[in-house]
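Report on the structure given below.
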Amino acid sequence: MSGPQHLPLHVAIIMDGNGRWAKKRGLPRLAGHKAGGENIRPVAKVFSDCGVRYLSLYAFSTENWNRPEMEVAGLLTLLSKKIDQETRAFHEQNTRLLHLGRQDRMSRRLSKKVQAAVELTKDNTGLTLCLAFDYGGRDEIVQAARRIADAGIRAEDIDEPLLARHLYLPDIPDPDLIIRTGGESRLSNFLLWQAAYSELYFSPVLWPDFGRQDIEQALSEYEHRQRRFGRI
Ligand code: IPE
Ligand code: IPE
Ligand code: MG
């Protein structure tokens with residue numbers, strides 16, 4: 001088992017491979033997204049049981065709007081359904097839900113639903129789960145720059161802590177470990193600022209199949225990493 005000193009405080013996951021999972025089974029891509037969605041609560045439970053405090057999940061990128069209209073619509077519907085079906089259960093597990101990303105390009109109705117789930121769970125003291133939906137790392141930095149300019153902050157007063165305070169979720173620590181499922185080895189615009197010193201772990205397992213054993217393997221590899229942050 002991981003000793004607490006080697007346990008990541010914050011794990012972020014790029015949940016990739018839903019489409020290929022469906023294709024392998026001769027199913028439509030949306031069936032893969034549905035299966036992927038069903039994997040969220042069990043995975044969150046495993047991390048929470050291990051003692052991880054923050055879990056961020058990449059569900060929809062700013063670039064994913066470029067997918068066929070039907071898939072985008074399906075993903076938005078899935079988000080809405082998931083909130084309806086799962087918020088209560090997360091709340092009962094003492095999970096605090098947060099949204100990471102933009103809400104101005106989803107319907108007002110969906111945005112209100114997202115905000116209601118965040119509001120309902122805001123005082124929970126267990127796992128903090130940040131769902132990244134319509135999230136892009138570059139977009140987040142651009143929005144931060146805009147807010148800084150709007151606030152009339154002088155150039156010489158801008159430093160790294162100030163910029164970090166203008167990101168979407170300034171109170172969430174940087175991820176210690178970023179896991180990408182589905183076999184690709186890239187960040188695809190996830191947490192670009194916050195990933196500066198994250199450990200990266202790439203798993204070939206497709207997201208709907210990513211389970212307890214895969215999580216334990218990732219945590220045990222993390223345990224053996226030596227983080228230097230530029231020091232020796
Ligand atoms: C990840 O699965 C989920 C989203 C990006 C919405 P994909 O849909 O990218 O699955 P693959 O990469 O096509 O298998
Ligand atoms: C990354 O997956 C985004 C999410 C998992 C939400 P993509 O499937 O969109 O990434 P690329 O296009 O392969 O880089
Ligand atoms: Mg993909």
Side-chain angles (χ1 to χ4, degrees), residues 10-44 47 54-83 85-86 97-107 110-111 113-114 117 129-143 167-169 172 175 177-195 198-211 214-215 218:
H10 181 182
V11 176
I13 307 181
I14 302 168
M15 307 185 289
D16 196 22
N18 295 345
R20 280 162 286 161
W21 183 93
K23 194 171 177 206
K24 266 189 9 194
R25 287 164 176 75
L27 297 168
R29 290 180 58 85
L30 276 171
H33 295 313
K34 187 162 172 281
E38 278 159 14
N39 199 26
I40 290 180
R41 206 144 51 80
V43 166
F47 279 108
Y54 299 88
L55 181 66
S56 294
L57 300 175
Y58 202 11
F60 190 91
S61 73
T62 50
E63 287 71 36
N64 287 146
W65 291 106
N66 299 321
R67 292 190 177 195
E69 213 174 297
M70 216 181 77
E71 182 163 342
V72 171
L75 286 162
L76 288 161
T77 305
L78 188 62
L79 172 66
S80 170
K81 279 193 188 157
K82 283 273 126 190
I83 296 174
Q85 294 163 356
E86 310 257 343
L97 298 173
L98 293 174
H99 173 248
L100 178 62
R102 301 177 61 146
Q103 287 182 20
D104 59 319
R105 300 190 286 198
M106 57 180 75
S107 69
L110 182 52
S111 163
K113 224 182 245 198
V114 171
L129 194 158
C130 311
L131 189 72
F133 199 101
D134 199 5
Y135 173 83
R138 288 185 171 182
D139 186 62
E140 180 178 34
I141 294 167
V142 168
Q143 303 302 330
L167 297 174
Y168 288 131
L169 297 175
I172 305 300
L177 172 65
I178 298 181
I179 297 171
R180 182 174 186 138
T181 65
E184 312 288 356
S185 306
R186 53 177 174 257
L187 287 176
S188 302
N189 205 11
F190 194 37
L191 299 176
L192 295 183
W193 175 278
Q194 298 88 337
S198 303
E199 294 296 323
L200 307 180
Y201 181 86
F202 300 103
S203 165
V205 178
L206 304 174
W207 169 252
D209 292 329
F210 194 75
D214 306 302
I215 293 168

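Counting starts at 1 for both ligands and their atoms, following the listed order.
Side-chain N or O atoms of Tyr54 include none that pairs as donor or acceptor with a backbone N or O of Cys130 at under 3.5 Å.
Distance CE/Met15 to OG/Ser56: 10.5 Å, rounded to 0.5 Å. A distance of 6.0 Å separates CZ in Phe133 from CE in Met106, rounded to the nearest 0.5 Å. Atom CZ in Arg138 sits 15.0 Å away from atom CH2 in Trp193 (nearest 0.5 Å). Distance CG/Asn18 to CG/Leu27: 12.0 Å, rounded to 0.5 Å. Here His33 contributes atom NE2 and Leu78 contributes atom CG; the two are 8.5 Å apart, rounded to the nearest 0.5 Å. Here OH of Tyr201 is found 10.5 Å from CD1 of Ile215. Values are rounded to the nearest 0.5 Å.
Closer than 4.0 angstrom to ligand 2 by heavy atom are Ile14, Met15, Asp16, Tyr58, Ala59, Phe60, Asn64, Arg67, Arg180, Arg186, Ser188, sorted by chain and number.
Contacts of Ser107 classified as side chain to side chain contact (heavy atoms under 4.5 Å, CB included), with partners at least two apart in sequence or in another chain: Arg109, Leu110. The side chain to side chain contact (heavy atoms under 4.5 Å, CB included) test applied to Glu38 returns Lys34, Lys82, not counting sequence neighbours.
Protein nitrogen, oxygen and sulfur atoms, that is N, O or S, within less than 2.8 Å of the Mg ion (ligand 3) amount to 1.
For the residue pair Asn64/Tyr58, the side-chain donor-acceptor check at 3.5 Å is not satisfied.
Residue contacts with ligand 1, taken as heavy atom pairs separated by less than 4.0 Å, involve His33 solely via side-chain atoms from C-beta onward.
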